[in-house]
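Read through the structure below, which is laid out as structure tokens, and then see the notes.
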Amino acid sequence: MLDSKIWRHRRWLLASAALLSACASTDYGTRAAGDRPSDLTSTEASLWYQMDNAEADLRRSGSVVDDPELAGFVSGVLCNVSGDHCDDLNVYVVRNAEFNAFMAPNGMSAVYTGLLLRAEDESQLAAVLAHEFVHFEENHTLEMLGAARNARVTGMVLGVAVGAVGGPMALGDLAAAGGFLSFSREKETEADIKGMRYMAGAGYNAGSASLIWQNLQDELEASGFDRRRRSAGNTGFFDTHPGVEDRIGELNMRAAEFVPVDTDPVAYRAMIRPFLQDWLDDEIVRRDPERTLHLIERLSALETDMGVLEYARGRILALRDEEGDQGLAREAFLTSIEHGDAPALSWRGLAEIERANGQNQSAADAYEAYLSRAPDAADAALVERLIEDLRG
């Protein structure tokens with residue numbers, strides 16, 4: 001006769017197998033162009049309804065960049081990689097400094113300005129948008145909801161089974177969570193690989209897919225925050241995305257299957273140029289100067305927009321104010337004003353440093369140059385008074 005403890009173990013495992021076999025399928029297949037949920041009582045229809053409401057909220061939020069030309073450009077890149085699905089997608093450029101983009105099951109597509117700032121050319125942007133489009137086309141959100149539901153059932157069943165033989169209940173939850181998160185990482189890898197095929201098929205350089213992630217990894221490693229530096233490494237048990245290093249390695253290997261294509265950053269940089277200063281300001285207020293200085297150094301290698309980039313460098317150094325930073329900030333402002341695209345604020349930043357150093361006449365000159373370029377500045381009256389005081 002079986003030992004009673006062994007019998008209880010077998011009985012719970014048999015019950016577990018029966019329950020797990022009833023878990024809902026997580027395979028929703030590949031979405032065809034123009035598809036909408038036909039069963040209004042389904043999970044998919046409910047999700048679409050929620051996403052339609054979220055899209056309406058986004059339009060009213062004030063965070064969408066109201067520039068038809070920019071939105072049209074980003075939408076055009078997405079259409080290039082999404083083919084027949086172009087009419088299913090609604091693109092919104094969202095003013096947010098994070099490196100991010102996402103695509104909801106109803107076709108709402110949000111592209112953050114932090115991503116547009118970091119992309120060096122159209123191919124790098126296409127790599128991210130193609131990745132997000134695969135999530136949409138393959139119904140990954142719906143599949144993840146099914147996986148999450150199954151994980152809850154699995155956690156309950158395995159927890160009971162383990163507990164029946166004296167093990168910790170939390171072990172079942174841990175195993176279920178690991179399975180669910182692994183499922184998510186599989187979907188991310190699928191989006192990377194299939195997205196690369198789509199971008200290459202649209203004429204973009206497949207190698208740009210790994211390059212934009214390499215740039216992000218380098219930026220994170222330069223951060224002054226330990227948590228961000230750690231996020232640049234490989235994935236752990238509870239991470240839903242592949243580690244950046246793993247992702248770069250996989251994308252580099254896959255890119256070798258495609259013929260390299262030359263990329264030209266000129267048109268892309270021209271498109272985002274009117275917004276560059278504002279987006280850099282958004283980045284600066286995040287207060288991670290080491291990371292932002294690394295980003296500016298990388299963008300400076302493109303040898304364009306140097307007036308704006310040097311202004312941003314000067315502002316960061318002036319705000320950080322570590323030993324020697326004020327001198328470096330002064331050099332950055334002086335370099336900025338040598339370029340035709342220097343913001344008026346470069347002269348104001350220089351004036352502040354000169355005034356702090358007791359260089360009253362050069363400070364007054366810089367303030368006057370600032371007002372000549374920004375006569376309607378909100379601080380014009382204050383600056384005029386400062387000039388009077390500095391002139392004595």
Side-chain angles (χ1 to χ4, degrees), residues 31 33-36 46-83 85-137 140-141 191 195 198-199 202 204 212 216 219 265 267-288 291-292 295 299 305 308 312 343 345 378:
R31 182 196 305 264
D35 269 2
R36 295 185 64 89
S46 175
L47 186 59
W48 273 60
Y49 174 76
Q50 294 176 57
M51 291 300 99
D52 285 345
N53 287 337
E55 184 172 350
D57 289 341
L58 177 62
R59 287 196 296 266
R60 294 190 295 264
S61 69
S63 61
V64 176
V65 177
D66 184 16
D67 189 279
E69 186 177 4
L70 178 65
F73 171 79
V74 176
S75 180
V77 176
L78 180 55
C79 283
N80 289 342
V81 299
S82 63
H85 285 276
C86 177
D87 292 338
D88 299 334
L89 309 174
N90 297 320
V91 174
Y92 300 90
V93 177
V94 177
R95 187 165 177 178
N96 188 304
E98 292 289 340
F99 176 99
N100 197 20
F102 66 84
M103 198 169 298
N106 69 335
M108 175 179 64
S109 309
V111 180
Y112 285 14
T113 53
L115 166 60
L116 298 177
L117 171 64
R118 287 167 171 80
E120 296 175 352
D121 54 44
E122 191 172 327
S123 278
Q124 291 185 19
L125 175 61
V128 178
L129 298 187
H131 171 100
E132 294 303 322
F133 168 67
V134 175
H135 285 316
F136 170 82
E137 184 186 38
H140 283 170
T141 301
Y198 284 158
M199 66 174 292
Y204 294 111
I212 194 168
L216 179 64
E219 182 184 319
Y268 180 80
R269 304 311 299 179
M271 178 57 62
I272 71 167
R273 183 165 294 126
F275 313 96
L276 185 59
Q277 184 179 339
D278 288 340
W279 296 352
L280 284 168
D281 285 343
D282 292 344
E283 185 67 30
I284 291 169
V285 299
R286 299 172 77 192
R287 299 284 181 168
D288 189 351
R291 176 180 177 177
T292 309
L295 171 62
L299 295 178
D305 306 306
V308 175
L345 287 169

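Between Arg95 atom CZ and Asp66 atom CG the span is 13.0 Å, to the nearest 0.5 Å. To the nearest 0.5 Å, atoms OH (Tyr112) and CG (Asn96) are separated by 5.0 Å. Taken from OG1 in Thr113 to CG in Leu276, the straight-line distance is 11.0 Å, to the nearest 0.5 Å. Atom CD of Gln124 and atom CZ of Arg118 lie 12.5 Å apart (nearest 0.5 Å).
Listed for the Ser61 side chain is a donor-acceptor partner under 3.5 Å among the backbone atoms of Leu58. Side-chain atoms of Asp281 never come within 3.5 Å of backbone atoms of Ile284 as a donor-acceptor pair (strictly under, hydrogens ignored). Ser82 contributes a side-chain N or O that, together with a main-chain N or O of Leu78, makes up a donor-acceptor pair within less than 3.5 Å. With hydrogens and angles disregarded, no donor-acceptor distance shorter than 3.5 Å links the side chain of Arg273 to the backbone of Asp305.
The shortest non-hydrogen separation linking Trp48 to Asp35 is CH2-O, 3.6 Å. Met199 approaches Ala126 most closely through the heavy-atom pair CB-O, 4.4 Å. A pairwise comparison of heavy atoms in Leu89 and Ser109 identifies CB-OG, 4.1 Å as the closest pair. Listed here is the closest heavy atom pair of Arg269 and Leu117: NH1-O, 4.0 Å. When every heavy atom of Ala104 is checked against every heavy atom of Met51, the shortest pair comes out as CB-SD, 3.7 Å. Closest of all the heavy-atom pairs between Asn106 and Phe136 is C-CE1, 4.4 Å.
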- I would like to know whether Leu129 and Val74 meet side chain to side chain contact (heavy atoms under 4.5 Å, CB included); could you show each step before the answer? CA-CA 9 Å; Leu129 298 187; Val74 176; 4.2 Å; yes

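Looking only at atom types and distance, the side chain of Glu120 has no donor-acceptor partner in the side chain of Tyr268 under 3.5 Å away.
By the 4.0 Å N-to-carboxylate-O rule, Arg31 lies too far from Glu137 to be salt-bridged with it.
Using a 30° and 60° split on the angle between ring planes, Phe133 and Tyr198 fall in the tilted class, from 30° to 60°. Between His131 and His135, the angle of the ring planes goes over 60°, which puts this pair in the perpendicular group of the 30/60° scheme.
The shortest distance between side-chain heavy atoms of Phe73 and Ile272 does not fall below 4.5 Å. Contact check for Asp67 versus Val93: no side-chain heavy atoms found under the 4.5 Å cut-off.
With sequence neighbours left out, the side-chain hydrogen bond (donor to acceptor under 3.5 Å, both in side chains) criterion links Arg286 to Glu98, Glu283. Partners of Asn90 under the side-chain hydrogen bond (donor to acceptor under 3.5 Å, both in side chains) rule, at least two apart in sequence or in another chain, are Glu55.
The side-chain contact (heavy atoms from CB on, under 4.5 Å) test with Leu115 singles out one residue from Val94, Asn100, Leu125, Leu216, and that residue is Leu125.
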